[in-house]
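All remarks here apply to the structure that follows.
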Number of protein chains: 2
Amino acid sequence: MKNKYLMIYQQLVDLIKTGELKANTLLPSEHELKDQYDTSRETIRKALTLLSQNGYIQKVKGKGSIIIDVNKFDFPVSGLVSFKELAEKMGNTPKTVVHELTLEKPSDFIKQQLKLNNKDQVWKVVRTREMAGEKIILDKDYLVKKYVPELTEEICEDSIYNYLENELDLSISFAKKEIIVVEPTEEDRELLDLDGFHNVVVIKNYVHLEDASLFQYTESRHRPDKFRFVDFARRSHL
Amino acid sequence: MKNKYLMIYQQLVDLIKTGELKANTLLPSEHELKDQYDTSRETIRKALTLLSQNGYIQKVKGKGSIIIDVNKFDFPVSGLVSFKELAEKMGNTPKTVVHELTLEKPSDFIKQQLKLNNKDQVWKVVRTREMAGEKIILDKDYLVKKYVPELTEEICEDSIYNYLENELDLSISFAKKEIIVVEPTEEDRELLDLDGFHNVVVIKNYVHLEDASLFQYTESRHRPDKFRFVDFARRSHL
DNA sequence: CAGTGGTCTAGACCACTCC
DNA sequence: GAGTGGTCTAGACCACTGT
């Protein structure tokens, strides 16, 4: 981490999280911060913009930057969070079972979702996620082979996301998420502990790389009582 | 709209939407744009950052800004969208029925949600939203009276959001959204056309003002088959 | 009024991609 | 090597908040 504004951002996050900068007080002004960190005001402003976008402060014109009570945020804010990170953050021991791991010709549906040629092959991964002894989540991942040449059961039991970012150095850039509620399929009933529930929550994820190409489609199917999604929206100033 | 970067942003959005700037091609470079718009590069970059954050382009270092196929985005992207805007965008004629509009002492639950004193009063508004003849959404709004002194049935039938922003000049700054799935309550069964569905999707909304104070809590309860939520997440550079 | 954040400028150097 | 976006600087003026 060599970027000055990212370092300043991270230092301020730490100060807020530890409570050295108290909630509901004001951050030092941008002019003060620029002197403290010996940098330009625009660089400070980049750090503060990040803090604001991630829910740590609220900037008020003519007044200052109010520090927000960050301990209210009991759940990941937004962005791309993997099951493993998520479960660990909540203090649970996650268990992942791989039910299927195959390289195949994509179905028409997947071909359309991933905008593939006729000769593209895809990895299909089907996993269930267990928390507190119950199979809560059914994850179906489709990854384009030309981007991910190799995939093993070990990787899938750990975190595909980790493998892509750290091993393959594929940098995920943006994802479109869609949430809907549907009737359970036969597969859902078979692989999940549905426990009498009549619906499953489906999160469809379209994951893009840095060059804007689409390379992964994921369906995460949750038992409705164990599903929770939190999102922040803010009027953005730059 | 006097901000230069917002004007440039808006002009580029229009060019992309009308197809004058074609999807999967590159935007002119930042240096070219700075000359075209007779401005500085940082100002161009602010406009492009907005385009990127709103899903219109994908910036690639060393290459350029790729224009994304925007017609794929058939739903509002994120942020604070009112029911009225939403319904109109989808070409439906929305119908709103106000079931309750009272000024009352808040229940303990609401008092806690809105962090109120004992003497604060709140408006409670209960409305159903109808599309294509079916009552699909049950909206329960709680607004703190000290911010919203007056509220009428006409306002509630139109758009509370409009009234707050345009008439009262209350500027909404950020909102935290939480989505969960629950069993229908008696009230849900009574006021919605549940049509045999066993769950409702609850969107809880905590709305803050510019000065970071919390002034509105909303529960929007949807029939599961008519619920759809779309979200973009992106690695943000500034 | 002084102090704050919001916008804008005209440079500079770097890391990256493509040829 | 030429061109791209990413970062950074040291100023400037404005609109807004508080007193």
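Residue numbering restarts at 1 for every chain, and letters A, B, ... go by the order of the sequence lines. The shown structure was predicted, so the numbers you read here are calculated from the model rather than taken from an experiment.
Among Ile67(B), Leu27(B), Leu21(B), the one residue that satisfies the side-chain contact (heavy atoms from CB on, under 4.5 Å) test with Leu15(B) is Leu21(B).
With rounding to whole Å, Tyr9(A) atom OH is found 18 Å from dT7(D) atom C1'. Between the C1' atom of dA15(D) and the CG atom of Asn3(B) lies a distance of 11 Å, rounded to the nearest Å. Put simply, CD1 on Ile44(A) is 11 Å from P on dC8(D), counting in whole angstrom units. Taking atom CG on Leu33(A) and atom C1' on dG3(C), their separation rounds to 14 Å, with Å as the unit. Between Lys34(A) atom NZ and dC8(D) atom P the separation is 16 Å, expressed in whole Å. We find that CD of Gln58(B) is positioned 13 Å from P of dG5(D), with the value rounded to whole Å. If you take CG of Leu50(B) and P of dG6(C), they are 14 Å apart, rounded to a whole angstrom. Atom CZ of Arg45(B) is separated from atom P of dT4(D) by 14 Å (rounded to the nearest Å).
Put simply, Tyr5(B) has a side-chain N or O that comes within less than 4.0 Å of OP1 or OP2 on dT7(C). Put simply, Lys59(A) has a side-chain N or O that comes within less than 4.0 Å of OP1 or OP2 on dG6(C). Distances shown here put every side-chain N or O of Thr43(A) at or beyond 4.0 Å from the OP1 or OP2 atom of dT7(D). Contact between the side-chain N/O atoms of Ser29(B) and the OP1/OP2 oxygens of dG3(D) is not found at any separation under 4.0 Å. Side-chain nitrogen and oxygen atoms of Lys4(B) include at least one within less than 4.0 Å of the OP1 or OP2 phosphate oxygen of dT9(C).
Taking a cutoff of 4.0 Å between a charged side-chain nitrogen and a carboxylate oxygen, Lys59(B) and Glu30(B) qualify as a salt bridge. Between Asp141(B) and Lys124(B) there is no salt bridge, since no side-chain nitrogen of the basic residue lies less than 4.0 Å from a carboxylate oxygen of the acidic one.
Judged purely by atom type and a 3.5 angstrom limit, Thr43(B) has no side-chain atom pairing as donor or acceptor with the backbone of Thr39(B). A side-chain donor-acceptor contact under 3.5 Å links Thr18(A) to the backbone of Asp14(A). The backbone N or O of Glu157(A) lies less than 3.5 Å from no partner atom in the side chain of Arg127(A), so there is not a single donor-acceptor pair.
One distance of note links CG of Leu12(B) with CG of Leu33(B); it measures 6.5 Å at 0.5 Å rounding. The line from CG of Asp139(B) to OG1 of Thr96(B) is 8.0 Å long, rounded to the nearest 0.5 Å. Distance OG/Ser220(A) to CZ/Phe227(A): 9.0 Å, rounded to 0.5 Å.
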(message) I'd like to compare against my own output: the B/S/- annotation of nucleotides 10-19 of chain C with a strict under-4.0 Å heavy-atom distance to protein.
(response) B-B---BBS-

(request) Toss me the dot-bracket line for DNA chain C: Watson-Crick and G-U wobble, both under 3.5 Å, 5' to 3', using | for pairs to another strand and [ ] for crossers. (result) .|||||||||||||||||.

